[in-house]
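The structure appears right after this line, and notes come after that.
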Amino acid sequence: MSGTARLSRVTVYSLLFVLLLASRPFTVLADDHLAAIKSSGVLAWGGDAEGGGPYSYPDPEHPEKIIGFEVELADALATRLGLKAKMVQNQWDQLIPALDRGSFDIILNGLERTPENQQHIAMSVPYFVYAQQIVTRKDTAGLDTVEKLKGKTVGALSGSASLKLLENTVGIDVKNYPGNVETLRDLKAGRIEAVVLDLPMAQFYAAPEPDLKFAGDSFAPGYYAVGVRKEDANLLASVNQALIEFTRDGTYERIYRKYNVWDGRQASLKDFKADAVVQKKAISTLREWPKYLPLLLKGATTTIKISVLAMALAVVAGLVLVLVRMYAIAPLRWLAQAYVEIIRGTPLLIQLFLIYYGLPEIGIKLNAFFAGILGLGLNYAANESENYRAGIQAIPRGQTEAAQALGMSQWQCLRHIILPQALKLVIPPVTNDFIAMFKDSSIVSVITMVELTKVYGMLAMSTYDYIGLGLMTAGIYFALSYPASLFANYLERKWSYDRR
Amino acid sequence: MIVVEKLIKSYNSNRVLHGVDHAQERGQAVVLIGPSGCGKSTFLRCLSQLEIADSGRITIDDVSIEGGRAPRNSIERERQRQLRMRAGMVFQQFNLFPHLTVLQNITEAPMVVKGVSREEAEEHAKMLLGKVGLAQKAESYPAQLSGGQQQRVAIARALAMQPQVMLFDEPTSALDPELRDEVLKVMRDLAEEGMTMIVVTHEMQFARDMADQVLFFEGGLVAESGPPEQIFGDAQNERTREFVSRSVRK
C-alpha cells in the first residue's frame, strides 16, 4: 500500500515539473520589442544553416562564414532599421516555438506565409515567391505532377509547405526528413521515388546532381515572409515598411540575382495584397484526445517494435562481444575491445547516419526500420557487453576453480557455471538500458522513421499544443518503461537463490 | 598410484615448492601438516591442475603430466582434464554453485563432462547425499545450508565424478568448531572404505587416527614423512617435533 502511495506522490510531482518546464517562460515580454531592439542595436534573426542553401549556409570557401540570399537580406533589413543583423542558428522546423521563447526577434528563413503559420505568429509582407518542384532520378519517367506521385514513396522536409501539400494528397507514401540534403541522398539511393521541395533548394542542391532531374514545371507558388511575435506590432510595421521599400529600390533583384534565385515571379512581390487570416481558436489536444491519442499510440507501436528488436540484438550481440573479448585469441580480443571503445566513444546519431546514409555508397542499402534496429542494437551491444563483463568479473574465482577441478572445459564452465550467475547479476543494468532504449529510439526519426516522439513533434507543430501532447506522450513512454522495470524486479525475485 | 617427482612451483619470484617428491599407494590416506605458507595447499592445487607447476612430473593412475606450461593444444588440454577428473577436490571455502540446488550441484559435472544421463546422475547423486547424511536436502540451495552441510555436499559433488583420489584443502578451516565433526566423520568413513586421500589439515586428531602416512611440509619441501606414530610420537626432525607439540597444545 505504501508503495502505491509513494508512486502517486512521485507521479504528481513529476507532472508538476513537466508543466513547469513546458509552460511559457517567466521573463515577462514587453508589449513591443522594437524599443528594446533599437537600444541593443542588434536585430537577432533565426535561421538554419544546416542544409540551408541558398538561403543561409556555410560558405564552401570559408566554412566558418554563413552566406546566402537571406543572410544578405537580413543585413539589408537590419541596416534599414538602423541595426546590425545577427544570425541565431536554430533547427528549421522548430523556428516558430523558438521565436515564441524569445531566442531571436524575427524568423527570416524560408518560412511560408501560410494560414497555419499565421495562427501562432504574425507574418510580414512577402519577400520571396517560391514554388514547388518535383525532383526525381534521371531514369525515372512520368512523375511530373503531384497527381502522378500517388502510390509512390515521396520525401519532403519536416514542417514544410511541400510536406503539407503531399500529406493533403491521398495515396502518397510520404517520408518526412529533418533536412533537404538527406531527402536527395535517399532519392539517389533509391529508397524514395521523388522529392518535392521549394524551387530555390531544388536549384541549389538537386540541379548540380548528374543523377537527378527536375520533373515537370514548378507549381503551387507561395510566399516567404518574415515571422515576428504577435505582440510585436511596431516591429512588424517597421519590417513591412522596409520590405516594401526593397521592392522599389531594387534590393531584392540585386541580392537574388547574386544567388541565382531571381525569376519572373519575384516581380509580382510589389503587387502583394494581404488576405485576412481567419484565426482558429487554440486547440486543446487533451480535450480532444480521442483524435490525437490514437495517432500517438500508433507512433508508440513503432517505438516498441524498434526498441524491443534493437534490445534483443544488443543482448545477443553483447554476449558474443564479451565472450570474444574475454576468452578468444588475442587479435579477435583486440577487435572486440576496439569495437566497444569506438562505439561508446562516438555519438549514436553519427553511427545511425553512417549506417543509413553512408552504407548505400558501398552498395548496402537498408530500409529505415532495419537501419534503425541495427544502429541502436549495435550501439547498445557495446554497453551490454560491458554490463556482462562486470557481471562475469563479479563471480568469485572459486567458482571457476571448482568447475575446472570437476573436469569442465572453459566453455562448459562458462556456459553452466559462470554465465547463469553473471546474467542474473546484470538484470538491473540491462533493464536500465532497455528503459533508456525506449527513449533513445526516438533518434530513428532522423532516418525518416515515424515513432512516438516524431508523431509528437509533428502534431505539436500543427497544433502548437506542446503541453497537452507532451503530457500524453510522456504518459505513453512511462506506460512503456514502468512495466519493463516491474518485469525486471519479478525476474530478479524469481531467479534469486541466495535468500529464501 | 600417485607419483610426484621434483615438483617446483613459484609465484613470480617467490618459490613455494622446492622440488617435492611423493609416492602413494591406492587406498592410502595421506595427511599433510606444516606451518602456514609452507606449500601444502599449492601442492594440492598442482595435483588438481589448478596451478601449473614450473617443472616436475605428476602421475595419477595412468595419466602423467609434466610441469612447465599451460596446455596449448587439444591433446594437452584433454590430458589435463583426464588428470583433473582422477582427482576430486574439496576446497576450504566449499565453492558450491549457488545458482544450482544441492542435487544439481552434484549431477552437473557428470552430465556435462561425462555425458551421464540425468536419471543415472540423479540416482548416483541421491546415493552420495545419503552417504554424507543429506538425503533430505536435495532440493535446497547452498545458501540455505550450514557450512558443515555445504562442505558435505561439496564432498559428494567431488565423489560424483568417481575420482581415483580425493584431495582435501583445509576442509574444516572455514567452519565453526561445532560443525567440523560432521565433515570429519564423512572423511573418516571415506578413508575406512579405502578411498585414496590427500588431506591438508590442522586437525591433528584426524591425522593421528586416520592417516596411513603423515607428511610434514616446511619451506616448500617434505621435511619428514612417516606413519602417525612416528610423526606424533618420535619425530626425527627437530622442526617436526616443535610444530607437533605446538599444534597439539592448541
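A, B, ... follow the sequence lines: proteins, then strands. Residue 1 opens every chain. All values below were derived from every heavy atom in this structure, side-chain atoms included, with hydrogens, water molecules and symmetry-related copies excluded.
Ranked by heavy-atom pairs under 4.5 Å with chain A, the first of B/Gln93, B/Met89, B/Glu108, B/Lys114 is B/Glu108. By number of non-hydrogen pairs under 4.5 angstrom with chain A, the leading residue of B/Leu96, B/Leu83, B/Val90, B/Thr101 is B/Leu96. Contacts with chain A were tallied for B/Met85, B/Gln49, B/Arg157; B/Arg157 has the most, counting heavy-atom pairs under 4.5 Å. Counting heavy-atom pairs closer than 4.5 Å to chain B, the top-ranked of the candidates A/Met408, A/Gln399, A/Arg397 is A/Gln399.
A/Gln412 places a side-chain N or O within donor-acceptor distance of the main-chain N or O of B/Val112, the cut-off being under 3.5 Å. Not one N or O on the side chain of B/Asp54 forms a donor-acceptor pair closer than 3.5 Å with the backbone of B/Gly68. No donor-acceptor pair closer than 3.5 Å links the side chain of A/Gln404 to the backbone N or O of A/Gly407. Looking at B/Arg57, its side chain never comes within 3.5 Å of a backbone N or O of B/Ser64 through a donor-acceptor pair.
Contacts of B/Phe97 with chain A are made by both backbone and side-chain atoms, with heavy-atom separations under 4.5 Å. Heavy atoms closer than 4.5 Å to chain A are found nowhere in B/Ala154, neither backbone nor side chain.
Proximity to chain B among residues 432-443 of chain A is not found for any residue, judged by heavy-atom separations below 4.5 angstrom.
With contacts defined as side-chain heavy-atom distances shorter than 4.5 Å, the pair A/Tyr482/A/Leu486 qualifies. Side-chain contact between B/Asp189 and B/Met195 is absent, with no heavy atoms from C-beta onward closer than 4.5 Å. Counting heavy atoms from C-beta on, the side chains of B/Glu170 and B/Thr201 never come closer than 4.5 Å.
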Return a table of donor-acceptor pairs under 3.5 angstrom between the side chains of residues 320-342 of chain A and protein atoms on other chains or two or more places apart.
residue: A/Arg325; atom: NH1; partner: A/Glu386; partner atom: OE2; Å: 2.8
residue: A/Arg333; atom: NH1; partner: A/Ala328; partner atom: O; Å: 3.2
residue: A/Tyr339; atom: OH; partner: A/Leu378; partner atom: O; Å: 2.9
residue: A/Glu341; atom: OE2; partner: A/Arg344; partner atom: NH2; Å: 3.4

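A perpendicular orientation is assigned to the rings of B/His22 and B/Phe43, their planes being inclined by more than 60° (bins at 30° and 60°).
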